[in-house]
Structures are given as structure tokens and as C-alpha cells.
Protein chains: 2
Amino acid sequence: MEELGERKEKILNAIIKHYLETGEPVGSRVISKIADLSLSSATIRNEMADLEELGYIIQPHTSAGRVPSDKGYRFYVDHLIEAKNQEVAEIKDLMIEKTEKMEKVLKQVVKILANDTQYATMISAPSVRGNRLKFVQLSAVDENQILSVVVMDGNVVKNKIIHVEDPLDNETMLKLNMLLNTTLNGLTVSEINLGLITKLKEQAGIHEDIIAQVLNTVAETISDDDLEIYTSGATNIFKYPELSDSQNASELISAFEEKQALKEFIEETQSEDGEDTGIQVYIGNEAPVQTMKDCSVVTATYELGGGMKGTIGIIGPKRMDYEKVMDNLKNLKSQLDNALRGDLDK
Amino acid sequence: MEELGERKEKILNAIIKHYLETGEPVGSRVISKIADLSLSSATIRNEMADLEELGYIIQPHTSAGRVPSDKGYRFYVDHLIEAKNQEVAEIKDLMIEKTEKMEKVLKQVVKILANDTQYATMISAPSVRGNRLKFVQLSAVDENQILSVVVMDGNVVKNKIIHVEDPLDNETMLKLNMLLNTTLNGLTVSEINLGLITKLKEQAGIHEDIIAQVLNTVAETISDDDLEIYTSGATNIFKYPELSDSQNASELISAFEEKQALKEFIEETQSEDGEDTGIQVYIGNEAPVQTMKDCSVVTATYELGGGMKGTIGIIGPKRMDYEKVMDNLKNLKSQLDNALRGDLDK
DNA sequence: TGTTAGCACTCGTTTTGGTTGAGTGCTAAT
DNA sequence: ATTAGCACTCAACCAAAACGAGTGCTAACA
């Protein structure tokens, strides 16, 4: 990337900052008044012409002020990160109650975040892929129904009703439970391979269909289409005119409703290893989802140990308040860590 | 309600029908051509003037055609219901897979419905208030954690992790399980009164806190803020210009996101006993929620026996295709009945 | 050589005013 | 009671004009 020179940088920064606030194209006069470098509008104009040539800013039409380009935003954000990286994120307490259901925590978090930032937000539950089985139990609910309960590390509980033709006597039930627990306990899902399954079924004898259904439950637990995503504040989009012309808004909100696009995002996010901070910024077309080409998306990945990863994301206009958003996310990231971890071993 | 006279009725009907199709104010000429009564536009004009005076139609501005008022729609819908009541709803098979999770069925239904009608749709899971306890079980997950599983009639399963200071020995656990099951089995939640609770705790001795937490889980199961609502097609709103000016659309979609308003709706719906068909139509201000004053809402209540009730709703513009929507709902209502009932005892 | 004042120019936005046409209400004829 | 006819209304459309924010360029200046 080209070297800009201090003055140009300052001007570019001023332009972007002002644009972030107003959302209107910003002209040379404004900058000459605002920026602490005392220069006339004419000089600024010259510099702006240069900046435009370099691709950092854009003139929407001949006689309008300038607007940051994606490249401009990128510059801004990158420098922001540089500047911020040293600082320790100041942690205001967001009052996450230590409620026992992760689902509730997440719903609460995403709501708070949306409210606080006034952007659209999403959060994915930590994927339990690679998570360990902790406890399995079958119990007879009535003659033809067996309830299978599976508990994974992190207290993710999954249950399923299994239908059987003939009632199981107590003893068999006990034996099956024993078998399942001793065999599966402590395993990750990926460790349950075909050999193991065959062995299990063999030992279960005539009840192999039950085993199959239990394993099915386990498989479901980590299935990808089950990746839960919570969203909030989708309608905040309407607060930003550049996003809210009905065509655009409709698509965006649709994406939020469907959640399919969000999943793609989260996968992308988690694969692309976010540098040290774990925070990533996608500006405009950088986003892996076409629908969001007019937005910026800031994501953070949180981890719970044992490879459980989740993603928080904020979707807003390109002129979002990156500083605030990134601080917020950093903050939340650590709090989430605490809250959920605390939850786990409490 | 005033008597209209056949001719006025015919004209009113023609106006509304035409308006439903086009969404444009309809003038006297159009009606004189369309309606099978051969009258000149002038005559129609006279009649229209009358209808306006009676409040069935409205002139948006002096030199425009007429548009149905809420009262007009109401007239139309009421007569529609009268006419349709005799007929048996024709049942096309919607291919609801008999998957075992109610949640999935509902999500699927609401999606199909939204897709089919092109309106916004919602569905509430059948409330288990008044539902019976079928099975309770505690099991030790590890030293400090006990998993409590509660199964209600209709196979609604709820679980909760309970934290304890000291591990429980096997025997105690067995005793507690026995106690809980014998005492609670077959009871509805409202039947679990204070006396019972005290008695239970007494018998549990030092483990009364565990009992308390189990009961808590039961209480949560039927708590009102837990009333699950699934929605789909909220963005269909954008398809109807009269609803999609950004102010309106934002509020509406917001309502869909928050779901609070929808809850109010569903409560209203279920209390107000929908006549024989179980289908209700709210036009404009008839809706109990202010946000929807420019919409019409059609709801149907489905029942699963044992007092479990759920509500399906369709939210669209006032000029929605009532006929289609009501047919659709009637249809779905019965299918849902089958699918979920089938699910229950399968 | 870098900065600045001045000025002509551009171009989107807003305002204005005129035209159009669908639709009405009223009146008089049928 | 119905209808033809006509004057009237008014939102919608369109083109021309006025506006003004902002530019690029040039010439003067430190």
C-alpha cells in the first residue's frame, strides 16, 4: 500500500470521521474548518483530488463532496486497530446474569448489543463439534416410549423420544444404560467411528435399533443445520437511509430472517483465523455474502475451550462507528467467555 | 347494521373485489362495466355516494375512485364466511412430514404458509398449560450436577441441570425419583398446589432444595414468557406498497422480531372464542395491537385435546385475499391436528 | 514551491407552473 | 328511476428555471 504522508492521512481521517457522523458527502470547506491543520479549503481540495486519484475517496457526482471508498474505510479501520491494539479493553459490566441456560444468555447478549450499538446483531451458539459426551441415559416413559437423554460437555442437553414395539424390562434398560455410558463416555463425536458402532450394536443384541436411535440423537446434536443463530435489531437497518431503500432493506432483513446467509458468514469467520484480537472487519464487498455488499460487518469469535467456538457479529452501514463497535465486541467477547465458562463448571 | 338492498350489496362487493385485485381506488366506470347489473356509471356514482355516506367506502381524495373502509371489509368478510360455512374445506395434502419434533413441524408449517400466501405468518406452539406430568427423573451427571428431566403429556421434554454441594448416593437418588414420580405423576401444573409442595419437601428431608428446583423446572415449562412463537415471511410486507413505507414497515417487522405484540395477539385470539370455525378475522383497528392498524390479521386456533391450544396467524394488508387465506387456514388447522396428534401417540 | 483567494463551471436538488386525465357531483333530459 | 352531459377538482406527471454546494483551475502571493 502506498505511503500517504502525514497530512493526507490526517485529511483522510477527518473526511471519514465526519462522514461517519453525518452520512453526507463532505466538502473541502468543512474539512478546512474542522481539522486542526489550518489550511484553506483550496489546499484541501488539492489534497482531496490526490486522495481520490489514489482511490481512498469517491465523488458521488461532479459537484458533490467526497465519500470514503471501501479502500478508504479499510485504511481507517486498519489504523484504528493499530492504535487500539495496545490498549486494554475497558470492561464495563454488562450484567449478564448467570442463568443456567446458554440459550438465554445468548439471546440476552444479542439484544443488549443491538440496543447498545443500534445496529443489527447476531450470535451463534458455540458449536459443539469436537465436544465430549458426558452422560447418556435411557428411561422408560411408558410402555412404548423411551426417553433418551444425552449430555455433552458444556451441559448441552439433547433428548429424544424413541418408540419401541415391546416394553423393555428394567434389567435390560439398566444393561443398555451401562453399555452406552461405558462405551461412549468421554468421547468426542468424531471419535465415534464405525468400528465402535458395530461393536456397540453387537453387544446390544436385539436392541440395536435403540442404539442406532441414540447415536442418531448424538449426531443431530452436532449437525450443521442445527447451528443455532440468534439475531436482534434487524430493524435497526431502517435507521440508515443508505440501507433502507425498500429493495435493499427487504433483502437484508430477509437474510436475517432466513439465517442461511448468516451461517455462511459464521463459517467464513471461524475458518479465517482472526489475528490476535479475534476481531474481523468486512467492508462492503469483502463480506462473503452478496446481500451485504453495502454493509460492513464486524465479527468476533469467542471460545470456550475444548474447541467450542461461537461468533458474534454486528451488521451495519459502512459508516458504522467502528471504534465503538470493536470495543463493544472485545468487551463482550471476554465477558461471554467468563459467563459461559463459569456456567460450565459452576 | 343497516339493510343495504341487493343492488348496493352487489356494487359494494364488486368494488371490494376489484380493489383486492388491483390495490387502486376503483371508479364508477369500472364497476359499471364489470358488474353484471347493467347500469351506467352515473347510476353507480349515485349508489357509491350512498355507500360512502353509510361508511362502507372512502374517497382518498376528491377526484379519485373509492376504496373500501374497514367497515366495508368487515361486510365483505362476514358475507364470505356466511357463504363458505356450508362448504367442506377441500384438503390438499401439504406434505407435513411426520418428524418427531413438534418444533420442526411448526417451523415448517409457518414457512410453507408464508410461501403459499405471500403474507407474513406466525404460529404459536400449543401451550401446555393444563397439561399433565407424565414422567420425572433425576440422574447424576457428575459429582456436583444432577440432571432433572420432566416429560409432560404430548412429549414436551424439559430439562435442567441442578447443582448440588455434595454428591447424592444412589439410594437417595432412587428414593427421590420414586417420591417425585408417585406424587406428581398425572397431575396438571395447576394441581400442584402449596399443600402438595410442602408435603413433598417434608418427605424429601434435607434434599428439599432439589425438589424446589425440579418444581421450578416444571413451572418454567408452562411460564408465559416461554410461549414459543415461530414466524416466517415477515419481509413479504414489502410486497404491499401500502404497508411498506419505511415507517410502517419498520414497526411491523419490529413487531415480528420482538414477538411481544404477537403474544398479545395470540392471547386475545385464544380467549375470544372463535365461533364454530375457529377462524377469526381482525380488520385494521379491530386488531388488539396498534402496530397492525393498517393490516388485517386472520387467525385460526388449533387444538390437540387436553386443552392444548395453539394459534396460527396470517398478517397482511387489508386487501388480502381473505378467501384464499381462510381456506388455507382451515385446511392447515385440520392437518396440524392430525400431524401433531399422530405425533403424540405414534 | 507550497498556499491561498477568486471565479467560472458543473450538476444534483428544489421550486415552480402548466398540463393531463381520471373521476366526481350535479343538472337536465329521457 | 336512469342516464347523458358537463363543469369542476385534484393528484400525478413533466419540463423549465432557480438554487447552491462544491469543485477545478488560474493567478497572485509568501
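Worth knowing before you read on, the calculation uses all heavy atoms, side chains too, and leaves out hydrogens, waters and symmetry mates. These figures come from a predicted structure and were not determined experimentally. Just so it is clear: chains get the letters A, B, ... in the order the sequence lines come, proteins before strands, and each one is counted from 1.
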Name all residues meeting the side chain to side chain contact (heavy atoms under 4.5 Å, CB included) criterion together with [X]; count only those two or more places apart in sequence or in a different chain, and write none if there are none.
X	answer
B:Ile58	B:Ser69
B:Glu47	B:Arg7, B:Lys8, B:Ile11, B:Asp50
B:Asn46	none
B:Arg29	B:Lys33, B:Ser41

Please give me every residue in residues 16-23 of chain A whose heavy atoms get under 4.0 Å of an atom in DNA chain C, ordered by residue number.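 Per residue number, the list is empty: none.
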
At a heavy-atom distance below 4.0 Å, what parts of residues 40-53 of chain B sit against DNA chain C?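 When residues 40-53 of chain B is checked for heavy atoms under 4.0 Å from DNA chain C, the hits, listed by number, are B:Arg45, B:Met48.
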
Output all residues satisfying side chain to side chain donor-acceptor pair (under 3.5 Å) with B:Gln59, sequence neighbours left out; order by chain, then residue number. none

I'd like to check the side chain to side chain donor-acceptor pair (under 3.5 Å) partners of A:Ser28; sequence neighbours left out, ordered by chain and number. A:Arg45

With sequence neighbours left out, the residues meeting ring pair (Phe, Tyr, Trp, His ring centres under 6.0 Å) with A:Tyr282 are A:Phe265

Report the residues that fulfil ring pair (Phe, Tyr, Trp, His ring centres under 6.0 Å) with B:Tyr240, sequence neighbours left out, ordered by chain and then residue number. B:Tyr119

With nearest nucleotide decided by heavy atoms, which residue, A:Val26 or B:Arg7, maps closer to the 5′ end of DNA chain D?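 Final value for this comparison: B:Arg7.
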
More than 12 heavy atoms of other groups within 6.0 Å of A:Lys259 NZ: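 Yes, NZ of A:Lys259 has more than 12 neighbouring heavy atoms, counting only those of other groups under 6.0 Å.
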
Could you tell me whether A:Lys239 atom NZ has more than 12 heavy atoms of other residues or ligands within 6.0 Å of it?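 Correct, the count exceeds 12.
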
Return each pair, listed once, that meets salt bridge (charged side-chain N to carboxylate O under 4.0 Å, His left out) where at least one residue sits in residues 57-70 of chain A; pairs must be two or more places apart or across chains.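 Residue pairs with at least one partner in residues 57-70 of chain A: A:Glu52-A:Arg66, A:Asp70-A:Lys318.
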
Between N or O atoms, less than 3.5 Å apart, protein on one side and nucleotides 17-20 of chain D on the other: list the pairs.
none

Quick one: [X] [atom1] to [N] [atom2], roughly how many Å, whole number?
X	N	atom1	atom2	answer
A:Ile57	D:dG22	CD1	P	14 Å
B:His61	D:dC10	NE2	C1'	7 Å
B:Ile58	C:dG23	CD1	C1'	17 Å
A:Leu37	C:dT3	CG	P	11 Å
A:Ile31	D:dG22	CD1	P	11 Å

Ignoring backbone atoms, test whether A:Thr62 places a side-chain nitrogen or oxygen under 4.0 Å from the OP1 or OP2 oxygen of D:dG22. no

Less than 4.0 angstrom between a side-chain N/O of A:Arg66 and OP1 or OP2 of D:dG22, yes or no?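 It does not, given that no N or O in the side chain of A:Arg66 lies less than 4.0 Å from OP1 or OP2 of D:dG22.
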
Among the nucleotides C:dT24, C:dC11, D:dT2, whichever has the atom closest to the side chain of B:Gln59 is C:dT24

